[in-house]
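Everything below concerns the one structure shown next.
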Amino acid sequence: KAGVTQTPRYLIKTRGQQVTLSCSPISGHRSVSWYQQTPGQGLQFLFEYFSETQRNKGNFPGRFSGRQFSNSRSEMNVSTLELGDSALYLCASSSGLGSDYGYTFGSGTRLTVV
Amino acid sequence: AQSVAQPEDQVNVAEGNPLTVKCTYSVSGNPYLFWYVQYPNRGLQFLLKYITGDNLVKGSYGFEAEFNKSQTSFHLKKPSALVSDSALYFCAVSSGYSSASKIIFGSGTRLSIRP
């Protein structure tokens with residue numbers, strides 16, 4: 001079956017712009033989590049959605065937002081982009097809430113802010 | 001607070017030799033432990049997990065990991081390394097059954113296998 005699909009794979013944006021990233025989970029998976037990966041900070045948790053509801057949010061400013069649709073697809077939006085937002089954004093899906101389910105990650109969207 | 005440490009930024013091994021990637025953790029309660037691998041420009045791929053049961057866990061691509069409660073370690077091992085094993089490896093831990101927000105990832109260890 002198809003894996004986790006993230007689009008686009010690469011993005012270049014200018015400071016001050018906004019961006020929307022998309023994640024399609026594995027069919028049947030209802031949980032979607034987002035992470036930011038940078039060389040300096042490693043993997044940092046952004047949000048977790050389950051059944052269209054945000055269940056948890058990491059320590060990121062309000063410029064970072066997300067949502068999940070009824071088909072479990074999720075989008076992440078970053079407004080007023082800053083240079084420090086340049087990172088690989090990873091989405092992970094799971095069949096349920098809880099770490100024992102295991103997570104399948106997408107290939108990520110590499111965002112570069114110039 | 002829970003934490004996970006990967007003390008080596010890089011591990012270099014000759015092809016055919018055994019490899020070990022180290023991971024230590026600190027959690028309150030029973031740990032759930034995971035190993036993931038990341039190839040260039042790709043997301044993380046799940047290798048194996050320990051939740052309960054046998055301390056030796058076998059995973060994908062011939063990897064295994066040993067849970068050692070007394071040393072709070074969960075080292076990743078493989079008896080014979082392949083060049084294709086070269087990648088970035090992440091250890092992760094959560095305190096028992098937790099949501100994604102409670103899973104802590106290590107800083108990663110770059111594994112380099114030389115032919």
Side-chain angles (χ1 to χ4, degrees), chain A residues 3-10 21 23-26 29-50 53-60 66 68 74 87-110, chain B residues 1-10 23 25 27-53 57-60 65 67 74 87-110:
Chain A
V4 178
T5 303
Q6 291 189 246
T7 57
R9 289 295 309 276
Y10 302 93
L21 312 182
C23 172
S24 294
I26 289 175
H29 282 194
R30 297 165 62 193
S31 171
V32 173
S33 302
W34 288 88
Y35 293 85
Q36 183 195 64
Q37 185 180 17
T38 59
Q41 299 295 322
L43 274 153
Q44 293 188 286
F45 171 79
L46 280 157
F47 327 96
E48 180 178 31
Y49 288 90
F50 185 82
T53 302
Q54 187 181 93
R55 301 298 174 131
N56 292 287
K57 188 177 192 299
N59 294 324
F60 279 82
Q68 186 180 34
S74 177
L88 180 66
Y89 289 88
L90 294 168
C91 161
S93 79
S94 174
S95 56
L97 281 173
S99 49
D100 60 333
Y101 281 93
Y103 294 87
T104 302
F105 285 78
S107 296
T109 294
R110 184 163 296 280
Chain B
Q2 61 194 52
S3 64
V4 60
Q6 293 181 243
E8 301 156 317
D9 290 336
Q10 176 132 358
C23 172
Y25 65 90
V27 297
S28 56
N30 294 323
Y32 283 18
L33 294 153
F34 308 85
W35 275 102
Y36 287 86
V37 59
Q38 186 177 33
Y39 297 99
N41 298 315
R42 301 299 299 274
L44 276 67
Q45 294 180 32
F46 171 78
L47 279 178
L48 50 80
K49 67 180 178 182
Y50 172 83
I51 294 177
T52 187
V57 180
K58 294 189 182 296
S60 306
F67 170 63
F74 189 57
L88 188 58
Y89 290 80
F90 290 93
C91 180
V93 65
S94 69
S95 178
Y97 181 89
S98 306
S99 69
S101 64
K102 303 298 184 186
I103 299 175
I104 304 298
F105 286 85
S107 55
T109 297
R110 189 164 299 281

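Protein chains get the first letters and strands the later ones, always in sequence-line order, with residue 1 at the start of each.
Using a 30° and 60° split on the angle between ring planes, B:Tyr36 and B:Phe105 fall in the tilted class, from 30° to 60°.
With a 4.5 angstrom heavy-atom cutoff, A:Phe45 touches chain B only via side-chain atoms. For A:Leu46, no part lies under 4.5 angstrom from a heavy atom of chain B. Only the side chain of B:Gln38 comes within contact range of chain A, with heavy atoms under 4.5 Å apart. Contact annotation for A:Gln41: neither backbone nor side-chain heavy atoms come within less than 4.5 Å of a heavy atom of chain B. Proximity to chain B (any heavy atom under 4.5 Å) is shown, for A:Phe47, by neither the backbone nor the side chain.
Side chains of B:Gln6 and B:Thr109: a donor-acceptor N/O pair is present below 3.5 angstrom, by distance only.
When every heavy atom of B:Val93 is checked against every heavy atom of B:Pro31, the shortest pair comes out as CG2-CB, 4.2 Å. For B:Gly43 against A:Leu90, the heavy-atom pair with the smallest separation is CA-CD2, 3.8 Å.
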**OP:** Tell me, with the steps shown, if B:Phe34 and A:Tyr103 meet ring pair (Phe, Tyr, Trp, His ring centres under 6.0 Å).
**Re:** CA-CA 10 Å; B:Phe34 308 85; A:Tyr103 294 87; 7.5 Å; no
